[in-house]
Number of protein chains: 2
Amino acid sequence: METNISQSRQQQQCIDKLLNAHGVNLTRQRRVIADTLFARDQHVTADKLFEAVNNNGAKVSKATVYNTLGLFVRKGLVREIFIDATRTFYDSNTSRHHHFYNVDTGDLIDMKERLAPHFIDQDLPDGTAMDMVDLVIRVKNKAP
Amino acid sequence: METNISQSRQQQQCIDKLLNAHGVNLTRQRRVIADTLFARDQHVTADKLFEAVNNNGAKVSKATVYNTLGLFVRKGLVREIFIDATRTFYDSNTSRHHHFYNVDTGDLIDMKERLAPHFIDQDLPDGTAMDMVDLVIRVKNKAP
DNA sequence: CTGCTGTTTAGAATAGTTATAAAATTGATT
DNA sequence: AATCAATTTTATAACTATTCTAAACAGCAG
Ligand SMILES: [Mn+2]
Ligand SMILES: [Mn+2]
Ligand SMILES: [Zn+2]
Ligand SMILES: [Zn+2]
């Protein structure tokens, strides 16, 4: 997780617009968290994000990282992924896509769209509507 | 989660065979846990299984329920499902199938096989082989 | 019976996360 | 600028599902 010490003013405005568009009030902490999180498509735990944010010279508490991730999830800015019981991953890419998870290495990587099967919004349980499709293909390392 | 006070001798032998076939040594606790768990296809948490087991007149500690579920997972007798960060579900049905999860009610139900798309064992990340496909369709209650 | 191995158990410890409540910041209003 | 209310941040405590520990127990072979 590399750092970028100073965010360009242009990119900063972009982040502000993004947060505003999703109804998130602007604060110093939310900006630096968003900067770090949305610098690229990534799958990150709260703890890793906490480290990354504070490696950029910022000073943000762990509680705020948790609060902000929760807020971003509610506002649709990030997606939660439950891969195992011990930690929650946050995906900075909210576009419809699926994942490969390597059970040996713990790597979680995006699936190319063409691979993802499409699902039809029908034959769902009575009285329900589609919320989201959650597909993880667990892979293991080939024996050499 | 209904009880069946006395297991028929025939069904008991069946459970014993199942455990033996998977290399699980027989004990009183493992038998009653397996009886309860495999009575039907179900998705159950460790805590719910603990309650169910001890409602059948048995006396099994929570530690043993956790230990045994972990053992059964390693031996391929049950399947873990990670639906949210707060608890792990155990699926007594290990056949290849997928799930609907109602985010409003918490219901976790099996998908009919015909609905499940098929996945091709190709285009996986380099050096990996398919382990398992994990598909959960999250649904929400329709507004009335 | 004695020892050996594997199993169960109560309770302590762990770890990710959430709740609490006080201090700080923000933004609007005089 | 000073005031005030609302929102946000923070340190820390609390919570909870799960795992660990270490002692008791059970089954079996010699
Ligand atoms: Mn948790
Ligand atoms: Mn946990
Ligand atoms: Zn992703
Ligand atoms: Zn199932």
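Reminder, nothing fancy here: chain letters follow the sequence lines and each chain counts from 1. Just so you know, these numbers come straight off a predicted model, no measurement behind them.
With sequence neighbours left out, Lys62(B) forms a side chain to side chain contact (heavy atoms under 4.5 Å, CB included) with Asp47(B), Phe50(B), Tyr66(B).
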**Request:** Check the pair Tyr101(A) / Asp84(A) against side-chain contact (heavy atoms from CB on, under 4.5 Å), numbers first and verdict last.
**Result:** CA-CA 10 Å; Tyr101(A) 179 69; Asp84(A) 76 65; 3.9 Å; yes
**Message:** Could you walk me through whether Asn55(B) and Thr36(B) satisfy the side-chain contact (heavy atoms from CB on, under 4.5 Å) test, starting with their C-alpha distance in whole Å, then the side-chain angles of each, then the deciding distance to 0.1 Å, before giving a yes or no?
**Reply:** CA-CA 10 Å; Asn55(B) 279 351; Thr36(B) 308; over 6 Å; no
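Between Thr88(B) and dT18(D), a side-chain N or O to OP1/OP2 separation shorter than 4.0 Å is present. OP1 or OP2 of dT9(C) lies within a sub-4.0 Å distance of a side-chain N or O belonging to Gln29(B). Thr27(B) has a side-chain polar atom (N or O) that falls below the 4.0 Å cut-off from OP1 or OP2 of dT8(C). One finds a side-chain N or O of Lys59(B) lying less than 4.0 angstrom from the OP1 or OP2 phosphate oxygen of dA10(C).
Following rounding to the nearest Å, Arg28(A) (CZ) and dT25(C) (P) show an atom-to-atom distance of 9 Å. Distance Lys62(A) NZ to dA19(C) C1': 16 Å, rounded to the nearest Å. Distance Phe89(A) CZ to dT17(C) C1': 16 Å, rounded to the nearest Å. In this structure, Leu26(A) atom CG and dG27(C) atom C1' are separated by 12 Å, rounded to whole Å. Asp84(B) places its CG atom 10 Å from the P atom of dA17(D), with the value rounded to the nearest Å. One can place CZ of Phe82(B) at 12 Å from C1' of dT18(D), the figure rounded to the nearest angstrom. Rounded to whole Å, atom P of dA17(D) lies 16 Å from atom CD of Glu80(B). Taking atom CG of Asn54(B) as the reference point, atom P of dA10(C) lies 10 Å away to the nearest angstrom.
In this structure, Thr45(B) reaches neither bases nor backbone, as no heavy-atom distance under 4.0 Å exists between it and the strands shown.
Of the possible polar contacts, none joining the His98(A) side chain to the Met111(A) backbone as a donor-acceptor pair under 3.5 Å is found. Formation of a donor-acceptor pair under 3.5 Å by the Gln29(B) side chain with backbone atoms of Ser61(B) is not found in this model.
With contacts defined as side-chain heavy-atom distances shorter than 4.5 Å, the pair Ile33(B)/Thr64(B) qualifies. Side-chain contact between Leu37(B) and Phe72(B) is present, with at least one heavy-atom pair separated by less than 4.5 Å.
The side-chain contact (heavy atoms from CB on, under 4.5 Å) with Asp91(B) is formed by just one residue from the set Val78(B), Val44(B), Asp110(B); it is Asp110(B).
When the nucleotides dT10(D), dT9(C), dT7(D) are ranked by their closest atom to the side chain of Thr64(A), dT10(D) comes out on top. Closest to the side chain of Ala63(A), from the set dA10(C), dT18(D), dT12(D), is dT12(D). Side-chain proximity of Arg30(B) to the nucleotides dA10(C), dT7(D), dT8(C) is greatest for dT8(C). You'll find that the side chain of Ala46(A) is closest to dT17(C), out of dT17(C), dT10(D), dT9(C).
Nearest heavy atom pair, residue Ile15(A) against residue Arg31(A), reads CG2-O, 4.4 Å. In this structure, Thr128(B) and Pro125(B) approach most closely via the heavy-atom pair OG1-O, 2.6 Å.
Near DNA chain D, meaning a heavy atom under 4.0 Å from it, residues 66-79 of chain B has Tyr66(B) in order of number.
For the helix from dC1(C)-dG30(D) to dT30(C)-dA1(D), the terminal axes (five pairs an end, C1' atoms, rotation from four pairs onto the next four) enclose an angle of 10°, given to 10 degrees.
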